[in-house]
Amino acid sequence: MKIVTWNVNSIRMRKDLVVNWVKENKPDVLLLQETKCLDSDFPKEDFEDLGYNIALSGQKTFNGVAILSLYPIEDIIKDFDNNPLDHARYIEAVIVAPESVVRVASVYVPNGETLDSEKYQYKLKFFDALESHVSNLLKLNESLVIGGDFNVAPEEIDTYSVADSLDSVLFHISIRKKLRSLINLGLYDAYRLLHPKEQQFSWWDYRRGAWHKNHGLRIDHLLLSPEAADKLDSVSIDQSQRGLDSPSDHAPIICELRK
DNA sequence: ATGGTAGGCTCCCTA
């Protein structure tokens with residue numbers, strides 16, 4: 001089963017690019033972030049025509065997450081307890097494939113703006129509440145894949161420049177500790193599990209010529225329960241999508257699980 | 001050299 005996470009930065013602006021990628025790569029499950037539209041404005045037909053079932057948690061202007069699946073989507077959950085924000089940043093569901101069942105989630109963690117902002121406090125609290133929810137999910141002992149834009153680079157290898165990142169909301173030690181604590185519940189960072197020494201990024205700022213200088217960070221992740229990690233065959237980041245015309249600032253992350 | 005791009009929407013916010 002091929003499961004993909006991708007922050008598309010507006011599904012309406014990115015529709016053709018995402019449709020073309022889906023036709024080429026045929027993911028079984030596609031977890032989207034930053035769809036930036038109401039559910040009624042999501043271009044459902046373009047994906048339904050390709051055979052996808054769709055579960056949405058959207059809002060006007062900002063945020064928005066989605067699950068697209070070639071298999072039935074069941075038990076949809078759109079929030080978790082103690083989430084400090086009334087934003088469309090989380091959707092979870094069970095994917096029922098013929099010979100395998102997997103629980104998936106699409107999460108868009110707040111950026112945090114600056115270390116001294118109120119939004120950064122919300123980012124810290126969002127992680128606490130997410131960790132509490134995920135700790136309950138792990139008790140189910142299911143195959144679980146949490147994909148999304150976590151807005152955190154886990155380790156030094158995951159940034160183009162440690163010096164430039166130390167005071168960044170994407171890398172400050174206080175937020176890396178939150179991601180570490182979440183993973184320490186017993187999750188596996190799929191990319192790092194199969195590529196322990198490689199440096200590959202998932203996001204490059206639109207500003208400052210970041211893409212052309214490869215000034216990126218790895219802030220998008222697929223976090224796997226032990227049951228899912230045991231079935232992990234491959235993980236890759238499709239950086240080619242960042243180099244196309246009118247791209248998202250994020251690249252898709254792809255994993256394949258055995259049945 | 002202290003810059004600039006993108007999306008959604010409105011004269012600004014978010015990233």
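Residue numbers start from 1 in every chain, and the chains themselves are labelled A, B, ... in the order their sequence lines are given, proteins ahead of strands. Given the structure is predicted, the values throughout are model-derived calculations rather than measurements.
For A:Ser135, there are no side-chain hydrogen bond (donor to acceptor under 3.5 Å, both in side chains) partners, not counting sequence neighbours. When the side-chain hydrogen bond (donor to acceptor under 3.5 Å, both in side chains) test is applied to A:Thr159, the partners found at least two apart in sequence or on another chain are A:Ser165. Partners of A:Lys213 under the side-chain hydrogen bond (donor to acceptor under 3.5 Å, both in side chains) rule, at least two apart in sequence or in another chain, do not exist in this structure. Residues passing the side-chain hydrogen bond (donor to acceptor under 3.5 Å, both in side chains) test with A:Asn136 are A:Lys139, sequence neighbours excluded.
Within 4.0 Å of A:Arg89, counting heavy atoms only, lie sugar-phosphate atoms of the nucleic acid but no base atom.
A gap of 16 Å separates the C1' atoms of B:dC11 and B:dG7, to the nearest Å. If you take atom C1' in B:dA15 and the same atom in B:dG4, they sit 13 Å apart, rounded to whole Å. Separating the C1' atom of B:dT2 from that of B:dC13 is a span of 22 Å, rounded to the nearest Å. Straight-line distance between the P atoms of B:dC9 and B:dT14: roughly 14 Å, to the nearest whole Å.
Comparing A:Trp203 and A:Thr35, the nucleotide of DNA chain B nearest to each residue sits closer to the 5' end for A:Thr35. Nearer the 5' end of DNA chain B, as judged by each residue's closest nucleotide, is the contact made by A:Arg208, out of A:Arg208 and A:Asn63.
Of all nucleotides in DNA chain B, those with any atom nearer than 4.0 Å to a heavy atom of chain A start and finish, going 5' to 3', at B:dG4 to B:dA15.
Ring-plane geometry between A:Tyr120 and A:His172 is classed as perpendicular, the angle between the planes exceeding 60 degrees on a 0 to 90 degree scale with a lower cut at 30.
Within the structure, side-chain hydrogen bond (donor to acceptor under 3.5 Å, both in side chains) pairs that include any residue of residues 16-26 of chain A comprise A:Trp21-A:Asp238 (at least two apart or interchain).
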